[in-house]
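First the structure, in the form of structure tokens, and then the observations on it.
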Amino acid sequence: QVQLVESGGGLVQAGGSLSLSCAASGRTFTSYAMGWFRQAPGKEREFVARIRWSGSSTYYGDSVKGRFTISRDNAKNTLYLQMNSLKPEDTAVYYCAASSRVNSNYRYESEFDYWGQGTQVTVSS
């Protein structure tokens, strides 16, 4: 089993930056691909970014390309999401997730096995 706890959410003005963290515990962190998803009120959960266990391969949703950066520190069992040039439409609850699949696109909810509780990000205009 893997337990995930997000932190770092809060209020930020448009154009600002925010960094999210996801602390993992339980099974060896390096055995899992990791991802970030978000869900705004009235909308479906949306893929944001993912990173493979080695950290050598990353992928981003179209809406955040060029603005967000996903990274991981396996020694600290921590996943990060650096968010720059934030827009009001980035407002959502952000969730980190872990996948035990050995090979996947890691872009859909069904491909992830473990989820954190979420952290609220609100971007003011």
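Computed over heavy atoms, backbone and side chain alike; hydrogens, waters and symmetry mates excluded.
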*Full working for side chain to side chain contact (heavy atoms under 4.5 Å, CB included) between Phe68 and Leu86*: CA-CA 9 Å; Phe68 290 11; Leu86 283 163; 3.9 Å; yes

*Sub-4.5 Å side-chain heavy-atom contact between Val121 and Met83*: yes

*asked:* To check you understand the geometry: which heavy-atom pair defines the closest contact between Ala14 and Pro88, and what is its length?
replied: CB-CD, 4.2 Å

*Assess the side chains of Glu46 and Ser63: does a donor N or O sit below 3.5 Å from an acceptor N or O?*
yes

*side chain to side chain contact (heavy atoms under 4.5 Å, CB included) between Thr119 and Val93: does it pass, once the steps are laid out?*
CA-CA 5 Å; Thr119 185; Val93 176; over 6 Å; no

*Where is the tightest heavy-atom contact between Gln120 and Ala92, given as atom of each residue plus distance?*
NE2-O, 3.4 Å

*Output, in order, the C-alpha distance, side-chain angles, deciding distance and verdict of side-chain hydrogen bond (donor to acceptor under 3.5 Å, both in side chains) for Asp113 and Ser100.*
CA-CA 7 Å; Asp113 306 295; Ser100 61; 2.6 Å; yes

_Tell me the closest heavy-atom pair linking Ser85 and Arg67, and the distance in Å._
O-NH1, 3.0 Å

*Closest contact, heavy atoms only, Gln117 versus Leu4*: OE1-O, 3.7 Å

*Stepwise, does the side chain to side chain contact (heavy atoms under 4.5 Å, CB included) test hold for Tyr80 with Leu20?*
CA-CA 6 Å; Tyr80 303 97; Leu20 305 182; over 6 Å; no

*Any donor and acceptor pair, going by atom type alone, linking the side chain of Glu6 with main-chain N or O of Cys96 inside 3.5 Å?*
yes

_Closest non-hydrogen atom pair, Asn74 against Asn77_ = O-OD1, 3.0 Å

*Ring-face cation of Arg107 near Tyr59 (centre distance under 6.0 Å, axis angle within 45°)*: yes

*Going by atom types only, do Asn103 and Arg101 share a side-chain donor-acceptor pair under 3.5 Å?*
no

*Side chains of Met34 and Tyr106: does their closest heavy-atom pair fall under 4.5 Å?*
no

*Distance-only, no hydrogens or angles: does the Thr91 side chain make a donor-acceptor pair with backbone N or O of Thr122 under 3.5 Å?*
no

*Nearest 0.5 Å please: distance from the NZ atom of Lys43 over to the CD atom of Glu89.*
8.0 Å

_Using a 6.0 Å distance limit plus a 45 degree cone around the ring axis, check whether Arg45 lies over the aromatic ring of Tyr95._
yes

*Which of these, Cys22, Ser21, Ser71, sits in a side chain to side chain contact (heavy atoms under 4.5 Å, CB included) with Leu79?*
Cys22

*Please confirm whether the backbone N or O of Glu111 pairs with a side-chain atom of Ser99, one donor and one acceptor, at under 3.5 Å?*
yes

_Is it the case that the side chain of Thr78 and the backbone of Lys76 share a donor-acceptor pair, with hydrogens and angles ignored and the cut-off at 3.5 Å?_
yes

*asked:* Would Arg50 and Ser104 count as a side-chain hydrogen bond (donor to acceptor under 3.5 Å, both in side chains) here? Give the steps.
replied: CA-CA 11 Å; Arg50 61 85 169 146; Ser104 176; over 6 Å; no

*For residues Arg38 and Phe47, determine if any side-chain heavy atom of one lies less than 4.5 Å from a side-chain heavy atom of the other.*
no

*asked:* So, taking the atom named CG in Leu11 and the one named OG in Ser124, what distance separates them when rounded to the nearest 0.5 Å?
replied: 7.0 Å

*asked:* So does Gln82 get a backbone contact from the side chain of Ser19, meaning a donor-acceptor N/O pair under 3.5 Å?
replied: no

*Check whether any side-chain N or O of Tyr60 sits under 3.5 Å from a backbone N or O of Ile70 as a donor-acceptor pair, and report yes or no.*
yes

*In the single-linkage hydrophobic clustering (I, L, V, M, F, W, Y; side-chain heavy atoms under 4.5 Å), do Leu81 and Val12 co-cluster?*
yes

*Does the distance from a Lys or Arg side-chain N to an Asp or Glu carboxylate O, for Asp90 and Lys87, drop under 4.0 Å?*
no

*Calculate, to the nearest 0.5 Å, the distance between atoms CD and OG belonging to Gln3 and Ser25 respectively.*
4.0 Å

_Just checking Phe112 against Phe37, ring centres under 6.0 Å apart?_
yes

_We want to know whether Asn84 and Ser17 form a side-chain donor-acceptor pair, criterion being a heavy-atom distance below 3.5 angstrom._
yes

